[in-house]
Amino acid sequence: MTHCPRLPSPTHHTLRGRAAVIAATLAALAPAAAWAQQDAPTSTWGAGLAVSADRKPYRDFDDKAQPLPLLTYENRWVHIAGPGVDVKLPPAGPVGLRLRSRFGFEGYEAKDSPFLTGMQERKGSLWLGAAASWDTGPVQLSAELLADASGHSKGRQFTLKAERRFQLGAWDITPRVSVQRQDRKYVDYYYGVEGAEARAGRPAHEGSSAVNLQAGLRVGYALAPRQWMFVDVSSTRLASAIKNSPLVNRSSQPAVTAGWLYRF
């Protein structure tokens with residue numbers, strides 16, 4: 001089972017930290033497996049609270065930590081986790097398959113940074129696609145292909161991830177690595193500069209496809225059979241296609257999330 005937060009109503013200040021939240025609160029993957037072994041109910045609910053912070057790559061961006069609720073639901077056919085909904089498909093041998101939808105909180109408004117003054121808003125998108133997972137024993141492998149269904153960027157993203165969970169009594173430790181390819185339309189929309197947006201020190205810029213690398217680690221602790229707390233840290237190394245944008249002055253995007261989850 002996969003657990004992610006349900007995020008609050010989309011005011012832009014809360015949107016800033018959510019990219020980190022969506023990635024980092026995959027930490028709830030860890031207790032889900034343990035719960036499933038203890039008892040396998042027809043459906044499960046989870047609720048809790050997290051605090052997350054990340055550093056956007058945009059110049060002079062006003063980053064802030066965000067407290068956010070966690071709310072999840074899962075049954076045999078459907079998995080709902082915050083801004084994402086999965087429909088489970090019959091497995092192909094050892095490979096689990098899902099149809100996936102999620103809302104992405106990428107983007108910005110011009111007021112988010114003095115350097116973005118005069119830029120048009122870049123909006124978050126509804127992403128639709130499919131995902132596959134395979135537990136090889138030593139590691140859990142997963143792949144995800146999503147396309148922008150909102151028509152904002154008209155882009156696509158493809159992600160490969162490998163992780164392994166180690167259980168040490170009440171503690172669990174899960175390192176992970178992932179690689180994500182974002183196509184030219186995605187990068188151009190979020191990191192490009194239109195001719196009408198160009199200013200002194202901010203030339204027009206057209207984006208190209210990018211491959212980003214991420215390494216992360218989450219550490220969890222079972223407070224009780226149905227309570228679990230966690231800390232998740234990660235850093236994403238940005239591709240040169242993103243670092244070359246005049247809007248960007250960082251080569252990596254660090255993130256940290258801490259939270260508590262209760263399973264009903």
Side-chain angles (χ1 to χ4, degrees), residues 4-5 7-27 50-68 82-83 102-125 127 146 148 150 152-153 155 157 159 178-194 197 199 201-203 205-216 231-259:
C4 299
L7 304 175
S9 58
T11 62
H12 194 73
H13 285 289
T14 58
L15 295 188
R16 296 175 188 169
R18 290 186 183 174
V21 172
I22 293 170
T25 49
L26 292 175
V51 177
S52 180
D54 70 342
R55 293 291 303 276
K56 299 295 185 185
Y58 298 110
R59 295 178 183 271
D60 303 323
F61 201 87
D62 184 17
D63 294 300
K64 294 181 180 180
Q66 300 295 337
L68 297 169
R102 68 168 175 83
F103 190 82
F105 298 99
E106 306 91 345
Y108 57 81
E109 292 180 357
K111 65 183 181 181
D112 289 331
S113 166
F115 194 82
L116 296 175
T117 300
M119 296 291 296
Q120 294 294 314
E121 178 186 3
R122 300 308 198 258
K123 299 179 179 180
S125 297
W127 297 88
L146 300 175
D148 179 5
S150 300
H152 296 144
S153 70
Q157 302 184 70
T159 305
S178 65
V179 57
Q180 182 180 62
R181 184 185 187 277
Q182 298 166 333
D183 72 359
R184 179 190 63 80
K185 292 181 179 179
Y186 179 101
V187 177
D188 188 49
Y189 181 72
Y190 289 110
Y191 300 103
V193 179
E194 301 284 344
E197 299 171 327
R199 300 286 190 275
R202 191 178 69 199
H205 177 78
E206 183 175 351
S208 58
S209 61
V211 177
N212 304 316
L213 301 176
Q214 185 190 87
V231 175
D232 187 287
V233 294
S234 67
S235 181
T236 301
R237 180 180 175 86
L238 301 173
S240 58
I242 294 176
K243 292 186 290 185
N244 291 340
S245 168
L247 304 179
V248 171
N249 67 347
R250 299 183 62 86
S251 61
S252 63
Q253 186 172 355
V256 59
T257 297

Exercise. Give a yes or no on whether the ring-centroid distance for Tyr108 and Phe61 is below 6.0 angstrom.
Key: no

Quiz item: Taking atom CZ of Arg202 as the centre, does the number of heavy atoms from other residues, nucleotides or ligands within less than 6.0 Å exceed 12?
Solution: yes

Quiz item: Side chains of Phe115 and Arg199: does their closest heavy-atom pair fall under 4.5 Å?
Solution: no

Quiz item: Are the side chains of Leu238 and Asn212 in touch, meaning some heavy atoms are under 4.5 Å apart?
Solution: yes

Exercise. Check Ala239 against Val211 and note the closest heavy-atom contact, atom names and distance.
Key: CB-O, 3.3 Å

Self-check item: Close side-chain approach of Tyr190 to Pro57, heavy-atom, < 4.5 Å
Solution: no

Quiz item: Would you say the side chain of Gln182 lies within less than 4.5 Å of the side chain of Ile242, judging by non-hydrogen atoms?
Solution: yes

Exercise. Mind checking the CZ-OG1 spacing from Arg250 to Thr236? Nearest 0.5 Å is all I need.
Key: 11.5 Å

Exercise. Grab the two heavy atoms, one from Asp148 and one from Ser153, that are nearest each other, plus how far apart they are.
Key: OD2-N, 2.7 Å

Quiz item: Can you tell me how far the CD atom of Glu206 sits from the OG atom of Ser245, to the nearest 0.5 Å?
Solution: 12.0 Å

Self-check item: Nearest atoms (heavy-atom pairs only) where Lys243 meets Val248
Solution: CA-CG1, 4.1 Å

Exercise. Look at Asp54 together with Lys56 and state whether they make a salt bridge at an N to O cut-off of under 4.0 Å.
Key: yes

Quiz item: What's the spacing between Ser125 OG and Glu106 CD if we round to 0.5 Å?
Solution: 6.5 Å

Self-check item: Gap between atom OG of Ser208 and atom NE2 of His205 - 0.5 Å precision
Solution: 6.5 Å

Quiz item: What is the minimum heavy-atom distance between Ala210 and Ala241, and which atoms define it?
Solution: CB-CB, 4.0 Å

Quiz item: Looking at CG of Leu247 and CG of Asp60, how far apart are the two atoms once the value is rounded to the nearest 0.5 Å?
Solution: 11.5 Å

Practice problem: Compare all side-chain heavy atoms of His152 with those of Arg122 and state whether any distance is below 4.5 angstrom. | Solution: no

Quiz item: Do we see a donor-acceptor contact under 3.5 Å between the side chains of Ser52 and Thr257?
Solution: yes

Exercise. Mind listing the closest non-hydrogen atom pair of Ser235 and Ser252 along with its distance?
Key: OG-CB, 4.0 Å

Quiz item: Is there a donor-acceptor pair under 3.5 Å between the side chain of Asp188 and the backbone N or O of Arg184?
Solution: no

Exercise. Could you verify whether a donor N or O on one side chain and an acceptor N or O on the other, from Gln180 and Gln157, lie under 3.5 Å apart?
Key: yes

Exercise. Give the C-alpha distance, both sets of side-chain angles, the deciding distance and a yes or no for side chain to side chain contact (heavy atoms under 4.5 Å, CB included) between Gln120 and Glu194.
Key: CA-CA 9 Å; Gln120 294 294 314; Glu194 301 284 344; over 6 Å; no

Self-check item: Shortest non-hydrogen separation from Arg59 to Ser113 and the atoms involved
Solution: O-OG, 2.5 Å

Exercise. Indicate, with yes or no, if the rings of Tyr191 and Tyr186 have centres closer together than 6.0 Å.
Key: no

Self-check item: Pair Val256-Val233, side chain to side chain contact (heavy atoms under 4.5 Å, CB included): steps then yes or no
Solution: CA-CA 4 Å; Val256 59; Val233 294; 3.7 Å; yes

